[in-house]
Amino acid sequence: MSTDLDNFVGLSSALTGIPIERLAPQLDPVGLPPLFLDYVTPRITTDVLNPLLTQYATLAADHVPPDKIAQQVLVTTQPTPNSVLAARSIMKLWFLGVWYQPYDAGSYKKGDSAVVSDQAYIYSWAWKVAQAHPMGYSESFFGYWNEQPSSLEDLTGVPATASSSAQQGDRS
Amino acid sequence: MNIEQAEVVIVGAGLAGSIVAYQLAMAGVEVLVLESGPEIPVNRAQYLERFYTTTLKTPESPYPPVTSLDPPRDPAGQNAPRATIADLILGWDDPKVSYLVQKGPMPFTSTYERVGGGTTWHWVGTCLRMVPNDFRLRSLYNVGVDWPIGYDDLQSAYCRAEAEIGVSANVADQAYLGMTFPEGYAFPMRSIPLSLVDGSFVAAVTGQTFDGLPLVVSPTPAGRNSEPYAGRRVCAGNTNCTPICPIQAKYDATVTMNKALATGKVKVLYRTVATKLNVGLDGTIFGVEFKQYQLGDGPITGFGEALGQRYVIAAHAIETPKLLLNSATPAWPKGVANSSGQVGRNLADHPIYLAWGLMPEGKAIFPYRGPLSTAGIESLRDGAFRSERAAWRIEIGNEGWNWPANDPYKTVADFIDGTNANGVNPLKSDQDPKPPTEALYGTALVQKLNDIFVRQFRIAFLVEQVEDDPDNAKCYIVPSADFKDRLGIPRPEIHYELSKYTQKGFLEAKRLATHIIKDLLGAVELTTPLTPGTFTYGNEPMSFQGAGHLMGTYRMGSDPATSVVDKDQRSWDHKNLFLVGDGVFPSSGTSNPSLTIAALSFQAGDTVANDLKAVTLTVQANETWQGTGVQINGLVPRLVRYVSGLWCASPQGGNVDGNGGSRHIDYSSYALPGAAEGALIGRVGSGGKPFLVGDLAQVPGNQQGELQLCINDDLTGQHGAGLSDNTGALTIRVEFGAL
């Protein structure tokens with residue numbers, strides 16, 4: 001039986017497109033998934049979180065492909081349901097390390113934002129998606145900016161589209 | 001009340017103050033520095049952590065006091081507040097949230113720090129020299145104001161500044177628009193490699209022209225290490241020079257201040273805010289009053305006065321005039337150093353025209369990598385057009401749309417939320433019907449974001465700011481009559497408006513930006529005016545960004561009636577007062593100012609050191625090597641200058657000055673065989689290699705010992721009367737300085 005953390009990581013992976021083993025590596029000294037789960041739980045409330053996790057677990061058990069799961073989670077009506085708003089904030093959290101409070105929940109007010117931790121910033125995925133590094137945290141060496149970066153697939157596990165794949169060899 | 005004493009009192013521990021302090025300390029001068037902000041931290045971890053964990057990643061974000069949008073901070077409750085981007089966001093013209101009391105009509109959008117090390121904590125590191133014609137706008141183009149000095153007067157000081165900062169560049173890349181370098185000169189380190197973003201510009205603009213002038217991409221001289229230098233690491237391309245280099249591969253003034261402190265000659269009082277300069281009956285400054293605090297929003301914890309023989313105000317173009325004008329008394333009703341009425345006048349920046357775009361599909365340039373900027377287009381910094389409109393340089397950015405469009409944040413939100421704040425969801429096109437806005441997820445989201453991010457670029461035109469009437473400047477700072485900080489010090493009140501000349505420069509910048517982006521790069525332009533710095537010139541709505549280049553307000557000149565300091569940065573009104581930093585710039589020129597600030601600070605340091613420690617002595621014609629008592633340490637450049645007198649080495653040669661006569665004798669018994677007979681010769685230590693002084697020479701570097709001088713003659717009398725028939729003596733001055 002999967003745990004809330006498993007389902008949170010699985011849901012996050014389906015929403016963001018970043019493979020589960022990259023969001024939550026087996027050897028993970030950084031440990032963002034439990035940090036994020038703890039962080040978002042009171043902020044989106046269990047009333048919203050638990051159904052989201054259950055929905056994911058159910059669809060995953062049925063071997064629904066991740067993109068289809070994300071599609072179902074994000075099905076929106078007017079007004080946009082809190083579950084969708086919460087899912088979008090979870091996506092931004094992974095990409096940016098920033099929590100954008102999606103709606104009022106207790107003392108948490110819609111529109112509040114915060115960087116969850118220095119590690120959340122440093123390991124946020126937008127930078128890898130850009131084939132770059134977080135501003136202020138480079139693990140590369142002098143002059144690397146004159147060279148091609150590693151491929152999108154190497155960095156994120158997601159292959160580039162056909163048009164952006166063609167870019168990888170273009171150095172002009 | 002605390003009384004502090006030193007030979008020299010400096011206000012400000014930023015770039016200028018640190019260099020002057022270090023120079024003076026190396027000259028053996030006791031220095032006291034008053035710094036309004038907190039001390040230089042032992043390491044930068046706390047500053048870095050603050051940067052990582054704030055959502056408001058502005059240039060000020062790492063530094064105290066913490067900037068915040070929610071809740072806003074009332075500057076009236078802070079002891080040493082400063083201008084911030086948060087102020088501009090919250091309300092540039094609302095003094096309840098903005099430290100600067102802004103009266104408009106346009107906002108002043110540059111910011112600065114008040115901490116040990118000053119604003120170099122978050123400079124980009126650009127180390128361009130001014131081009132020669134930047135110094136003579138009035139005489140060449142009939143606009144602005146000429147400097148009282150020219151490029152050649154700064155040559156050696158530029159070299160010293162480049163050594164101190166540690167500049168990476170190649171001479172061959174930098175010798176444009178009349179810039180020259182000493183023969184054989186090499187920058188301290190090799191040039192920083194270009195980025196892939198730069199490469200795309202090189203390919204696009206090479207061979208192209210704008211209004212008949214060539215478009216040339218040049219590597220930017222940078223105050224960042226391309227090799228290990230001065231005990232600091234090589235740049236790792238953190239793309240974060242502003243707000244903070246995590247590894248100090250980029251120079252900041254804490255480097256120099258720490259060296260100054262290591263001499264044991266310098267004491268810094270932190271959290272010590274200068275409030276008033278006191279003037280004696282003889283017109284000299286006799287003290288700087290200060291107030292002290294411990295917590296940024298806590299009570300006053302002390303007050304006192306710092307006394308010295310010389311005073312150096314190094315608090316840049318806003319805090320320096322604020323201090324001078326706040327020092328008004330019945331005897332000096334216009335404020336200190338202000339008989340010209342020019343203190344606070346001609347406030348300038350390099351207002352920036354920011355343009356950005358998206359490269360064509362399939363054309364990745366991989367931004368967000370490398371230093372923030374590694375190249376620019378410098379070839380349009382001078383030309384006949386300067387009689388009509390402002391010049392500019394173009395900085396090519398390596399940080400995608402981080403500056404103009406807060407990416408990666410906004411584009412990520414756009415494609416998750418299905419919004420289009422950044423204009424790429426959908427990208428504007430001629431397509432009809434317009435493609436729908438997308439809310440993406442999963443791999444398609446990653447691929448879309450990647451496709452956008454790797455094609456982003458921005459360029460920044462740093463526009464020269466020139467007043468239409470420099471003697472009646474529209475941009476100025478005065479102390480506010482209504483608003484004070486927590487210490488009770490009147491805050492800076494800013495009046496700011498770009499001149500028509502500068503606005504016309506913007507119009508041309510816009511024209512070229514669009515040409516480069518659309519025609520030369522084949523990219524989609526996404527430039528839109530950004531608040532709050534908006535204006536309309538003709539029918540063109542445009543906006544400007546602050547460059548953080550605070551210039552003007554105590555300009556140097558050759559006429560006391562129209563300038564505040566002379567070419568040595570000495571107050572015309574108070575002979576023991578020096579005002580340093582880019583406030584002395586009579587016109588802003590077309591280079592980022594820090595290198596010129598540093599160069600001028602070396603010169604000011606020399607002048608102050610010479611006031612206190614130059615040695616005047618007599619050298620006899622009839623004596624062999626004579627000790628001067630001056631110890632040469634090989635680190636501080638020293639000059640030997642002929643002042644007066646004549647001497648005679650032989651009846652045939654007659655009476656001559658330091659340059660000697662017309663006879664050149666090659667006997668080995670001469671002090672310097674082959675040099676002019678009767679010339680003044682020097683050496684460092686008894687075993688030092690003799691060198692020609694003549695009427696002025698710099699003591700050769702890397703030697704240690706006592707400076708000795710003598711006449712060029714047959715010192716041992718091997719070929720005749722030797723020194724015995726010599727007569728006369730020369731008066732010589734041993735100074736601090738470089739040629």
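Order of the sequence lines sets the chain letters (A, B, ...), proteins ahead of strands, with each chain counted from 1. For clarity, every value in this text was computed on a predicted model and none was experimentally measured.
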Please classify the contact between [X] and chain B as side chain, backbone, both or neither, with a heavy-atom cut-off of under 4.5 Å.
X: V129(A); result: both
X: F95(A); result: side chain
X: W127(A); result: side chain

Region of [X] that comes under 4.5 Å of a non-hydrogen atom in chain A:
X: F51(B); answer: side chain
X: V446(B); answer: both
X: I416(B); answer: both

[atom1] of [X] to [atom2] of [Y]: how many Å apart, nearest 0.5 Å?
X: L196(B); Y: Q148(A); atom1: CG; atom2: CD; value: 6.0 Å
X: T67(B); Y: I85(B); atom1: OG1; atom2: CD1; value: 9.5 Å
X: T374(B); Y: I396(B); atom1: OG1; atom2: CD1; value: 7.5 Å

Legend entry - Any side-chain heavy-atom pair of L52(A) and V73(A) under 4.5 Å: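 Yes; the side chains approach each other to less than 4.5 Å.
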
As an exercise: rank [options] by heavy-atom pairs under 4.5 Å with chain B and give me the winner.
options: S117(A), S113(A), S13(A), P19(A); result: S113(A)
options: I122(A), I18(A), L74(A); result: I122(A)
options: H133(A), E139(A), M91(A); result: H133(A)
options: G17(A), G136(A), A126(A), A130(A); result: G136(A)

Inset, instruction - Answer yes if the side chains of T58(B) and E60(B) hold a donor-acceptor pair under 3.5 Å, and no otherwise. - result: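 Looking only at side-chain atoms, E60(B) and T58(B) do form a donor-acceptor pair, the distance falling under 3.5 Å.
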
Inset, instruction - Would you check, one step at a time, whether the test side chain to side chain donor-acceptor pair (under 3.5 Å) holds for D173(B) with S218(B)? - result: CA-CA 6 Å; D173(B) 295 329; S218(B) 301; over 6 Å; no

Inset, instruction - Could you tell me whether D252(B) and R44(B) have a side-chain N and a carboxylate O separated by less than 4.0 Å? - result: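 So D252(B) pairs with R44(B) through a salt bridge.
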
Shorter than 4.5 Å, heavy atoms on both sides: which option in [options] has the most such pairs with chain A?
options: R233(B), R369(B), E49(B); answer: R369(B)
options: V234(B), N225(B), L194(B), L449(B); answer: L194(B)
options: C245(B), S195(B), C235(B), P243(B); answer: C235(B)
options: A204(B), G237(B), S226(B), P246(B); answer: G237(B)

Inset, instruction - If the plane angle is over 60° it's perpendicular, under 30° parallel, otherwise tilted; pick one for F8(A) and W94(A). - result: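 Rings of F8(A) and W94(A): tilted, as their planes differ by 30° to 60°.
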
Inset, instruction - Could you tell me whether K448(B) sits above the aromatic face of F453(B), with NZ or CZ closer than 6.0 angstrom to the six-membered ring centre and within 45 degrees of the axis? - result: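 The answer is no; the distance or angle limit is not met.
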
